[in-house]
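Just so you know, these numbers use all the heavy atoms, side chains as well, and skip hydrogens, waters and symmetry mates. Positions are given from 1 along the sequence.
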Amino acid sequence: MISLALPSGIRATVDARGATLVDLWVPDREGRLDDILLGHEVPGQGPRMFYGSTVGRYANRIAGAAFTLDGQAHRLAANDGPNCLHGGPEGFDARDWQVVGPDEASVTLRLVSPDGDQGFPGRLTAQVAYALSEDDAGARLDITMTATTDRATPVSLTNHAYVNLGGARDAARLRGVGDHRLSVAASRFVPVDSAAIPLAEAPVAVEGTPFDFRHPARIGDRVRVGHPQLLAVRGIDHCFCLDGEGFRQAARLEHPETGRVMAVWTDQPGLQVYSGNWLDGTHRGKDGVACRMGDAICLEPGAWPDAPNRPDFPPAILRPGERYLHRMALVFPTPR
């Protein structure tokens with residue numbers, strides 16, 4: 001375990017297993033620090049939930065666990081019915097990363113994925129750097145993901161943190177994220193079938209749907225609507241097609257009770273929003289707290305799902321001589 005800390009007391013823990021963000025302690029408006037991330041009671045032990053992990057080689061789903069690249073068909077390891085989810089049954093979240101650069105407030109981890117790993121072509125060398133910082137405006141955690149390859153291959157890396165700004169360790173106070181307010185800078189989203197694979201008509205406009213978060217809205221007011229897309233996957237588990245380009249704010253999550261706010265910044269084209277639909281209370285998390293449906297939300301920047309099979313989607317192929325770069329930041333303005 002690698003501990004990162006700032007003089008103010010804001011701190012985080014990173015585990016080399018899965019290059020995982022294990023915890024993240026940030027203050028409320030009274031200055032009280034709470035861990036805002038759901039996770040395993042014992043880090044690295046328990047069912048595969050992706051809590052805070054770095055997921056890859058391709059985050060999200062690839063339909064049929066197959067794609068064709070440069071005229072050659074590739075068959076991947078399936079682990080989500082017939083599909084490949086988050087890199088397959090032994091994705092990057094299940095690997096021991098090498099720690100190559102720790103200090104008091106930052107750490108870098110490295111992983112080499114061999115050619116043919118889970119069916120993906122090319123030898124991929126990936127790095128993830130976590131860095132805490134703060135100023136008068138608040139604190140931030142920068143997550144920088146890079147990769148190079150010796151053969152063309154799909155790549156989309158992201159962090160899969162499950163966030164509850166009310167605090168994730170106290171069973172008496174863990175009430176889910178229905179009272180959180182979410183905004184997402186996206187005028188379109190990717191509708192999916194019951195297996196969470198994009199439909200042919202994707203993307204579509206958010207206007208007039210429960211997926212319109214262009215202005216802040218209570219999550220609980222949206223996930224309970226009987227919209228066919230919410231019913232298909234038991235809530236929100238959709239890619240939002242982010243407006244704009246470059247490093248920009250993709251989403252803002254607010255918890256009125258504690259005053260905590262988290263903004264997500266990214267340079268990627270999509271943001272997967274997942275409302276914890278498959279947390280069923282049977283898994284005990286930190287301090288023995290049962291993790292239930294809706295207890296957290298995941299805001300995962302990255303490529304659009306199934307992009308290797310969808311030439312109409314933004315491309316997600318890394319080639320030799322290129323450098324994959326995903327800049328992501330969790331920004332916490334000083335609570336008021």
Side-chain angles (χ1 to χ4, degrees), residues 21 23-24 26 28 34-41 46-53 55 60 80 85-86 158-184 186 189-192 194-196 206 209-213 215-240 250-264 271-301 330:
L21 183 62
D23 57 38
L24 182 57
V26 296
D28 64 9
D34 266 315
D35 178 12
I36 62 166
L37 305 183
L38 264 62
H40 293 293
E41 187 166 17
R48 190 185 187 198
M49 306 292 288
F50 307 106
Y51 288 135
S53 296
V55 292
N60 220 310
D80 186 46
L85 172 64
H86 294 331
T158 196
N159 182 274
H160 204 299
Y162 284 71
V163 177
N164 186 314
L165 294 179
R169 290 178 177 263
D170 188 336
R173 294 189 297 114
L174 184 59
R175 295 197 298 272
V177 294
D179 59 347
H180 287 46
R181 291 170 59 82
L182 175 67
S183 57
V184 181
F189 79 103
V190 177
V192 296
S194 60
V206 300
T209 77
F211 300 90
D212 190 349
F213 286 96
H215 301 286
R218 288 185 73 256
I219 294 171
D221 292 342
R222 297 300 179 86
V223 296
R224 300 297 182 186
V225 176
H227 189 278
Q229 277 296 300
L230 295 173
L231 298 175
V233 290
R234 300 173 50 147
I236 303 173
D237 191 5
H238 296 77
C239 177
F240 286 70
R252 180 180 170 94
L253 188 66
E254 308 169 26
H255 187 231
E257 181 177 335
T258 62
R260 290 191 184 97
V261 173
M262 183 184 82
V264 179
L271 180 76
Q272 188 77 13
V273 178
Y274 171 56
S275 57
N277 313 337
W278 297 97
L279 299 175
D280 62 6
T282 61
H283 170 245
R284 295 285 174 177
K286 297 171 180 177
D287 296 339
V289 174
C291 299
R292 307 158 302 176
M293 178 185 287
D295 272 352
I297 189 165
C298 302
L299 302 171
E300 310 160 55
L330 306 180

Colleague: Mind checking what makes salt bridge (Lys or Arg N to Asp or Glu O under 4.0 Å) contact with Arg48, not counting sequence neighbours?
Modeller: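 In terms of salt bridge (Lys or Arg N to Asp or Glu O under 4.0 Å), with neighbours along the sequence ignored, Arg48 is linked to Asp93.
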
Colleague: What I'd like to find out is whether the side chain of Leu182 reaches to under 4.5 Å of the side chain of Arg222, using heavy atoms alone.
Modeller: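 When only atoms from C-beta onward are counted, Arg222 and Leu182 do not touch, as no gap falls below 4.5 Å.
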
Colleague: I'd like to check Cys298 versus His160 (side-chain heavy atoms, cut-off strictly below 4.5 Å). Are they in contact?
Modeller: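 Yes, side chains in contact.
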
Colleague: What pairs with Tyr162 under side-chain hydrogen bond (donor to acceptor under 3.5 Å, both in side chains), at least two apart in sequence or on another chain?
Modeller: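 Tyr162: no side-chain hydrogen bond (donor to acceptor under 3.5 Å, both in side chains) contacts found.
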
Colleague: Answer whether the closest heavy-atom distance between the side chains of Met293 and Ser275 falls below 4.5 Å.
Modeller: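 No - every pair of side-chain heavy atoms lies 4.5 Å or more apart.
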
Colleague: Leu231 and Gly226: which non-hydrogen atoms are nearest, and at how many Å?
Modeller: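 Closest heavy-atom pair between Leu231 and Gly226: CD1-O, 4.0 Å.
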
Colleague: Under the side-chain hydrogen bond (donor to acceptor under 3.5 Å, both in side chains) test, which residues partner Arg234, sequence neighbours left out?
Modeller: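 Arg234: no side-chain hydrogen bond (donor to acceptor under 3.5 Å, both in side chains) contacts found.
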
Colleague: Taking only residues two or more places apart in sequence or in another chain, which ones pass side chain to side chain contact (heavy atoms under 4.5 Å, CB included) with Pro216?
Modeller: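 Pro216 satisfies side chain to side chain contact (heavy atoms under 4.5 Å, CB included) with Arg181, Ser183, Glu254 once adjacent residues are dropped.
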
Colleague: Holding to side-chain hydrogen bond (donor to acceptor under 3.5 Å, both in side chains), I want the full list of residues that pass it with Asp28, two or more places apart in sequence or in another chain.
Modeller: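 Here no residue qualifies.
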
Colleague: Specify the closest pair of heavy atoms between Glu41 and Gly288, including all atoms of both residues, with the distance to one decimal.
Modeller: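 Reported closest heavy-atom pair: OE2-N, 3.5 Å.
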
Colleague: Is the side chain of Gln272 donor-acceptor paired with the backbone N or O of Cys239 at a distance under 3.5 Å, no angle test?
Modeller: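 Present.
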
Colleague: Between atom CG of Asp80 and atom NE2 of His86, what is the distance when rounded to the nearest 0.5 Å?
Modeller: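 Between atom CG of Asp80 and atom NE2 of His86 there are 8.5 Å.
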
Colleague: Considering residues at least two apart in sequence or located in another chain, which fulfil the ring pair (Phe, Tyr, Trp, His ring centres under 6.0 Å) criterion with Phe211?
Modeller: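 Partners of Phe211 by the ring pair (Phe, Tyr, Trp, His ring centres under 6.0 Å) criterion, ordered by chain and then number, come out as Phe189, His227, His238.
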
Colleague: Measure across Pro301 and Val264 and return the closest heavy-atom pair with its distance rounded to 0.1 Å.
Modeller: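 Taking Pro301 first and Val264 second, the nearest heavy atoms are CG-CG1, 4.0 Å.
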
Colleague: Kindly indicate whether the side chain of Val177, heavy atoms from C-beta on, has any atom under 4.5 Å from the side chain of Asp295.
Modeller: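 In short, these two side chains do not touch, never coming nearer than 4.5 Å.
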
Colleague: Any side-chain to backbone donor/acceptor pair from Asp35 onto Leu24? Under 3.5 Å, distance only.
Modeller: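 Yes, Asp35 side chain to Leu24 backbone: donor-acceptor pair under 3.5 Å.
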
Colleague: How many angstroms lie between atom CZ of Phe213 and atom CG of Leu253, to the nearest 0.5 angstrom?
Modeller: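 Atom-to-atom, Phe213:CZ and Leu253:CG are 10.5 Å apart.
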
Colleague: Kindly give the heavy-atom pair with the smallest separation between Leu279 and Tyr51, and that separation in Å.
Modeller: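 Answer, listing the atom of Leu279 first, then Tyr51: CD2-OH, 3.7 Å.
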
Colleague: Restricting to side chain to side chain contact (heavy atoms under 4.5 Å, CB included), what partner residues turn up for Arg224, sequence neighbours left out?
Modeller: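 Applying side chain to side chain contact (heavy atoms under 4.5 Å, CB included) to Arg224 gives none.
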
Colleague: What residues form a side-chain hydrogen bond (donor to acceptor under 3.5 Å, both in side chains) with Glu257, not counting sequence neighbours?
Modeller: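 In terms of side-chain hydrogen bond (donor to acceptor under 3.5 Å, both in side chains), with neighbours along the sequence ignored, Glu257 is linked to Arg175.
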
Colleague: Which heavy-atom pair separates Leu38 from Cys291 by the least distance, and what is that distance?
Modeller: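 Heavy-atom minimum between the residues: CD2-SG, 3.9 Å.
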
Colleague: With His255, which residues qualify under ring pair (Phe, Tyr, Trp, His ring centres under 6.0 Å), at least two apart?
Modeller: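 His180.
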
Colleague: So how far is it from Asp34 CG to Asp23 CG, rounded to the nearest 0.5 Å?
Modeller: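 Here the interatomic distance stands at 11.5 Å.
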
Colleague: Could you work out, with side chain to side chain contact (heavy atoms under 4.5 Å, CB included) as the rule, every residue matching Asn159, not counting sequence neighbours?
Modeller: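 Listed in chain order: Leu21, Tyr130, Ile143, Ala161, Met328.
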
Colleague: How far apart are the closest heavy atoms of Leu165 and Arg260, and which atoms are they?
Modeller: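 Taking Leu165 first and Arg260 second, the nearest heavy atoms are O-NH1, 2.7 Å.
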
Colleague: Would you indicate whether the side-chain heavy atoms of Val273 and Leu299 approach each other to under 4.5 Å?
Modeller: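 They are in side-chain contact.
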
Colleague: Mind checking what makes side chain to side chain contact (heavy atoms under 4.5 Å, CB included) contact with Ala232, not counting sequence neighbours?
Modeller: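 Counting only residues at least two positions away or on another chain, Ala232 forms no side chain to side chain contact (heavy atoms under 4.5 Å, CB included).
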
Colleague: Listed by chain and number, what are the salt bridge (Lys or Arg N to Asp or Glu O under 4.0 Å) partners of Asp280, not counting sequence neighbours?
Modeller: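 Partners of Asp280 by the salt bridge (Lys or Arg N to Asp or Glu O under 4.0 Å) criterion come out as none, since no residue qualifies.
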
Colleague: A side-chain contact here means heavy atoms from C-beta on lying under 4.5 Å apart; do Val184 and Val206 qualify?
Modeller: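 A side-chain contact under 4.5 Å is absent here.
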
Colleague: Run through Thr209, Ile236, Asp237, Val192 and flag the one making a side chain to side chain contact (heavy atoms under 4.5 Å, CB included) with Gln229.
Modeller: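 The residue from Thr209, Ile236, Asp237, Val192 that satisfies side chain to side chain contact (heavy atoms under 4.5 Å, CB included) with Gln229 turns out to be Val192.
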
Colleague: Compare all side-chain heavy atoms of Lys286 with those of Leu37 and state whether any distance is below 4.5 angstrom.
Modeller: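 They are in side-chain contact.
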
